[in-house]
Amino acid sequence: MDLQKLCIHTITNKPWSLTEALDAYCTKGIGGISIWQNIVETLGARETGRILHDYPIAVVSYVRGGFFAHTSEDGRQKAVDANKKLLDEAAEIGAPMMVLVCGSDPHQSLTTSRDQIKEAIEKLIQHATSLGITLTIEPLHPMYADTRSAVNTLEQANDLAEYFDCPAVGVAVDVYHLWWDPNLEDEIARCGRGKNLDAFHICDWKSPTTDMLNDRGLMGEGCIPIEKISNWISAAGFNGFDEVEIFSNNYWAMDQHEFLELIITAYINLHDD
Ligand code: ZN
């Protein structure tokens, strides 16, 4: 099967260096890669961009900016400044979008955190536009609403994106965060209509899940109706990459070439059923 629409997040094969990941992905004919910040922290943005340039693979996104909500004004300003720098890095590595984990501060209400997220994105639009990079809002599962993101439903992400109504702001749909939402089909359609559907992240929800962060499953291993959601995404006009984003202590402990085979098989099964 053609793997040109398959993209893998570097965090999925966390034990690999960038070149190890690129060698393996390109050997398999995988079409895209999303670069996590730890890679750029290690290599620098220029070197990361230089390495990527030599491989026949698309840089799909830079992961991740955000964390905008803070009780202090100083904290909020530092977050905006840090995100401007991250946007510069995204440009240097050739990524067309930067995924936002929008942030939340448990010492204030979610509503206040959401207002601060909106203000921060407003301050970044000009910089993002000048670089031609989309700020891609990723709603996170409500179990992360205390510190990681006060944007927890696709409806909230759509509201934000439609408020700005510009090419520099879009939305990422991650099945892990949104599969439970009874309004998901309608909100995916709305996201497509608003031309805000920029990214589709896949993995699975294992039952039981033993770790709130690092026990994600391979597609087909859990209870998320990925194929159904994928069909809604296609129906909404999305023609981009299927981005595999798996944080898993179990899979990170495996031989990463064997893990990559499992990912490819799971991806093929997802589309062949
Ligand atoms: Zn994601």
Side-chain angles (χ1 to χ4, degrees), residues 5-14 21 30 32-40 58-68 83 86 90 95-104 117 121 133-145 147-158 160-161 169-181 184 187-188 191 196-206 209 211-219 221-226 229-230 232-233 236 238 240-249 251-252 263 266-267 270:
K5 280 290 167 82
L6 172 60
C7 164
I8 301 184
H9 282 231
T10 54
I11 196 80
T12 300
N13 295 111
K14 191 168 84 166
I30 291 167
I33 186 169
S34 282
I35 303 295
W36 273 60
Q37 210 185 328
N38 64 310
I39 300 281
V40 171
V59 181
V60 177
S61 61
Y62 187 35
V63 194
R64 58 199 182 176
F67 294 98
F68 298 125
N83 275 272
L86 289 170
M97 66 177 135
M98 182 167 92
V99 174
L100 299 180
V101 171
C102 291
S104 188
I117 290 163
I121 292 174
I133 293 170
T134 303
L135 297 157
T136 307
I137 299 162
E138 178 165 358
L140 258 53
H141 191 283
M143 70 176 168
Y144 303 121
T147 55
R148 283 196 167 79
S149 185
V151 179
N152 306 108
T153 63
L154 185 52
E155 181 182 20
Q156 289 167 341
N158 276 331
L160 258 176
V169 180
V171 173
V173 170
D174 186 324
V175 298
Y176 193 77
H177 296 299
L178 301 176
W179 69 279
W180 55 272
D181 184 346
L184 188 57
E187 290 296 328
I188 286 174
C191 196
N196 291 316
L197 186 47
D198 287 332
F200 183 46
H201 297 177
I202 54 174
C203 68
D204 214 336
W205 184 287
K206 286 166 70 180
T209 287
D211 184 298
M212 281 168 72
L213 193 61
N214 294 327
D215 191 32
R216 293 189 182 199
L218 277 165
M219 298 77 75
E221 198 181 3
C223 56
I224 301 179
I226 306 172
I229 298 172
S230 180
W232 295 341
I233 292 282
F238 181 78
F241 287 87
D242 294 311
E243 301 184 44
V244 175
E245 183 189 29
I246 299 174
F247 321 141
S248 164
N249 293 325
Y251 288 121
W252 288 333
I263 292 170
Y267 178 74
L270 184 65

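We count residues from 1, following the sequence as given. Order of listing sets the numbers, starting from 1, for every ligand and every atom in it.
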Under the ring-ring contact (aromatic ring centres under 6.0 Å, His included) rule, collect the residues that match up with Phe241, sequence neighbours excluded.
none
With a cut-off of 2.8 Å, which protein N/O/S atoms are close to the Zn ion (ligand 1), if we only count those under it?
Glu138 OE2, Asp174 OD2, His201 ND1, Glu245 OE1
Should the ring pair Trp205 and Trp179 be called parallel, tilted or perpendicular, given that the plane angle runs from 0 to 90° and is split at 30 and 60?
tilted
Contacts of type salt bridge (charged side-chain N to carboxylate O under 4.0 Å, His left out), residue Glu245, not counting sequence neighbours:
Arg216
For Asp242, side-chain hydrogen bond (donor to acceptor under 3.5 Å, both in side chains) partners two or more places apart:
Tyr267, His271
Backbone N/O of Glu187 and side chain of Asn158: donor-acceptor pair under 3.5 Å:
yes
Aromatic rings Phe247 and Trp36: how do their planes relate, parallel, tilted or perpendicular, breaks at 30° and 60°?
perpendicular
